[in-house]
Amino acid sequence: ILVVFGTNPAPNLDLTPISFTITGLFISIGVFRFKLLDLRPIAHKILFASLKDAVIILDDKNRIVDLNPSADKIIGKMLLSPIGCRIEILHDLIPDIPNNFFELEHDQTEFTVFDHPTRHYELDITPLLNHSSKVRGRILTIRDITRRKNASLEVERANKEVKRLATFNEGIIRTITGGIVTEDDEGFFTFVNPAAATMLGYAPDELLGQHWAVIIPFDQYPIVEAADARRRRGETDHYEIELMRKDGTRLIALIGGSPNVEEGHFRGSLASFTDITELKQTEADLQRLAITDPLIDCYNRRHFFSLAEKELSRAARYERQLSAIMIDIDHFKRVNDTFGHSTGDQVLITMSKRIKDMLRAPDIFARYGGEEFVILLPETNANEAKEIANRLREKVAQPFIINDTEIALSISLGVSSKNCHDDILTIDAMLERADQALYAAKRAGRNRVMVWSVPPNKSRKSAEQDAGSSI
């Protein structure tokens, strides 16, 4: 400027370097004084826009000067142009907000927006201070608490339901010896009576809030899931299931369940149960007694015939081999006469255990009567049955030690077999042949195995009539 107007105080001095220096000085002052190159404002803006919580900035007149996208989603539906609006206008739109809320420096409240679906929010107000700690505005933070609120309301509803049930049924429930529990629609216990807790080994309130899985063994889940499906259809049910006590032991329970339906919606269920463990054990004992010999742990004659008829039918249908072995203890009367019937019983028990230990899982072993036993061998031909019979004979021949007394014993065995094309139609006929072979072994000197067969030039019928010569 000085050069243009010809007022240069030093005509011989070049002012260009001086002017550049002064200009650079002013630019530097501006950059550092006003933080023109500072990235923080940009970062703050990005962070502000990406917050999940809604944030609204108010000036000292309670006017909206800025809001992030999350806030715009909430109040943008209520105010078409929120920027510049006074925040008090929300009082008319959201009655839940207290009238003097926006005049406070620090506070918190909750409000509900009845939309589709209804949403619950938590509103915080915080002062916005400048460098001299003077209030220049306020920050409103709106947080969506719908999930937490619904959970709280659900817990409150469940507590009310428990109190209602407890008040209505307290007198009855306290005197009932059976277990009673209620659960919500997700399977969590909302009520457990003292009898149920005692049966399961828990304190009265220890199961409240727990899922049914804590008392149901994993292998019983399908039963519970099927029952739950029935109740959700509005059906009542009765079923047996194993429950697990707190100490890990099991009990068998008979459960009766009914759905809890309110206004057409499934809200959970109520179940009563009784411990029938002893009853089931008694049933099992009676069943075992009905099919086993009272002295020896093997099948009795009646159950043997029931199983044998099925095996014979299967062998005939699928053209499979089937063999039978009749066993008789040689001179067993001498054991009873010499050592007494109690010792004789121990001999029978020990001998039967030796035999069972040598048989396969599908083989059927039973006491036929007195000191006679019978074995049915599926999928076994005559030669294989004879080998098995000889192994049994050798095993039984080993001395018995009963009450420190050594007792020698031998058995005679008769074998009969049905091949794929045999005309045997009944199990009685098959056992009759084995019995004939057994008595042939007795006549031949005992302690041996004989196999029934049809001799040359004789029909099967005449061979059965002349058993001695047909062995």
Side-chain angles (χ1 to χ4, degrees), residues 145-284:
I145 58 169
T146 303
R147 181 176 297 180
R148 187 180 75 190
K149 191 72 174 180
N150 288 343
S152 177
L153 292 173
E154 184 63 23
V155 170
E156 183 179 350
R157 188 200 67 79
N159 288 337
K160 288 181 179 179
E161 178 68 9
V162 170
K163 290 180 181 179
R164 185 184 71 81
L165 288 173
T167 301
F168 184 75
N169 298 316
E170 182 176 4
I172 299 175
I173 291 174
R174 296 293 177 184
T175 58
I176 289 178
T177 57
I180 296 178
V181 298
T182 62
E183 60 185 47
D184 62 19
D185 59 345
E186 294 183 351
F188 292 91
F189 293 122
T190 56
F191 176 78
V192 179
N193 77 332
T198 300
M199 270 190 276
L200 296 168
Y202 290 89
D205 59 347
E206 200 171 355
L207 284 172
L208 285 179
Q210 297 285 338
H211 194 265
W212 55 255
V214 301
I215 65 168
I216 305 296
F218 183 75
D219 59 347
Q220 303 291 298
Y221 278 15
I223 300 176
V224 177
E225 290 165 354
D228 182 69
R230 291 192 295 270
R231 293 174 193 172
R232 290 179 183 274
R233 295 195 298 267
E235 303 173 8
T236 59
D237 54 12
H238 294 84
Y239 56 92
E240 293 180 6
I241 190 173
E242 291 186 15
L243 303 180
M244 185 165 59
R245 299 185 182 93
K246 186 177 180 180
D247 62 5
T249 59
R250 295 191 181 194
L251 63 89
I252 304 175
L254 176 63
I255 293 184
S258 60
N260 175 22
V261 180
E262 294 180 1
E263 299 179 353
H265 297 285
F266 177 76
R267 301 298 185 187
S269 59
L270 180 146
S272 61
F273 62 92
T274 305
D275 186 350
I276 59 170
T277 306
E278 292 186 3
L279 176 61
K280 298 301 291 185
Q281 184 60 51
T282 301
E283 289 181 359

Quick check for you: to the nearest 0.5 Å, what is the distance between [X] atom [atom1] and [Y] atom [atom2]?
| X | Y | atom1 | atom2 | result |
| --- | --- | --- | --- | --- |
| Y221 | D228 | OH | CG | 13.5 Å |
| R233 | E235 | CZ | CD | 4.5 Å |
| R230 | S258 | CZ | OG | 12.5 Å |

Main chain of [Y], side chain of [X]: is a donor-acceptor contact present, judged purely on distance under 3.5 Å?
| X | Y | value |
| --- | --- | --- |
| N159 | V155 | yes |
| H211 | F189 | no |
| T198 | P194 | yes |
| Q220 | E242 | yes |

Where [X] and [Y] come nearest, the two heavy atoms and their spacing:
| X | Y | answer |
| --- | --- | --- |
| L251 | M199 | CD2-O, 3.6 Å |
| Q210 | V214 | OE1-CG1, 3.6 Å |
| P259 | T236 | CD-CG2, 4.2 Å |
| F273 | I180 | CE2-N, 4.4 Å |
| A203 | A197 | O-CB, 3.7 Å |
| G209 | F188 | O-CD2, 3.3 Å |

Quiz prompt | Trace of the side-chain contact (heavy atoms from CB on, under 4.5 Å) decision for I241 with I216 | solution = CA-CA 9 Å; I241 190 173; I216 305 296; 4.2 Å; yes
Practice problem: Let me see the working for L153 and E156 under side-chain contact (heavy atoms from CB on, under 4.5 Å), right down to the final yes or no. | Solution: CA-CA 5 Å; L153 292 173; E156 183 179 350; 4.0 Å; yes
Are side-chain heavy atoms of [X] and [Y] found at a separation under 4.5 Å?
| X | Y | result |
| --- | --- | --- |
| E183 | R267 | no |
| M244 | F218 | no |
| L243 | W212 | no |
| N260 | F266 | no |
| T146 | K149 | no |

Quiz item: Could you walk me through whether E262 and R157 pass the side-chain contact (heavy atoms from CB on, under 4.5 Å) check?
Solution: CA-CA 12 Å; E262 294 180 1; R157 188 200 67 79; 4.3 Å; yes
Quiz item: When you look at CD of E278, are more than 12 heavy atoms from neighbouring residues, nucleotides or ligands closer to it than 6.0 Å?
Solution: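 No, the 6.0 Å shell around CD holds no more than 12 heavy atoms from other groups.
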Self-check item: Over 12 non-hydrogen atoms of neighbours within 6.0 angstrom of CZ in R147
Solution: no
Quiz item: Are T190 and T182 linked by a side-chain donor-acceptor pair shorter than 3.5 Å?
Solution: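 Distance-only check passes for T190 and T182.
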Quiz item: Charged N to carboxylate O below 4.0 Å: is that the case for R231 and D185?
Solution: no
Quiz item: Thinking salt bridges, do E206 and K246 make one under a 4.0 Å N-O criterion?
Solution: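 Salt bridge present between E206 and K246.
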Exercise. Begin with the C-alpha distance, continue with both residues' side-chain angles, and end with the deciding distance and a verdict on side-chain contact (heavy atoms from CB on, under 4.5 Å) for L207 and I215.
Key: CA-CA 9 Å; L207 284 172; I215 65 168; 4.1 Å; yes
Quiz item: Considering residues at least two apart in sequence or located in another chain, which fulfil the side chain to side chain donor-acceptor pair (under 3.5 Å) criterion with T277?
Solution: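 Side chain to side chain donor-acceptor pair (under 3.5 Å) check on T277 returns D275.
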Exercise. With sequence neighbours excluded, tell me which residues meet side chain to side chain donor-acceptor pair (under 3.5 Å) with E225.
Key: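 E225 satisfies side chain to side chain donor-acceptor pair (under 3.5 Å) with no other residue.
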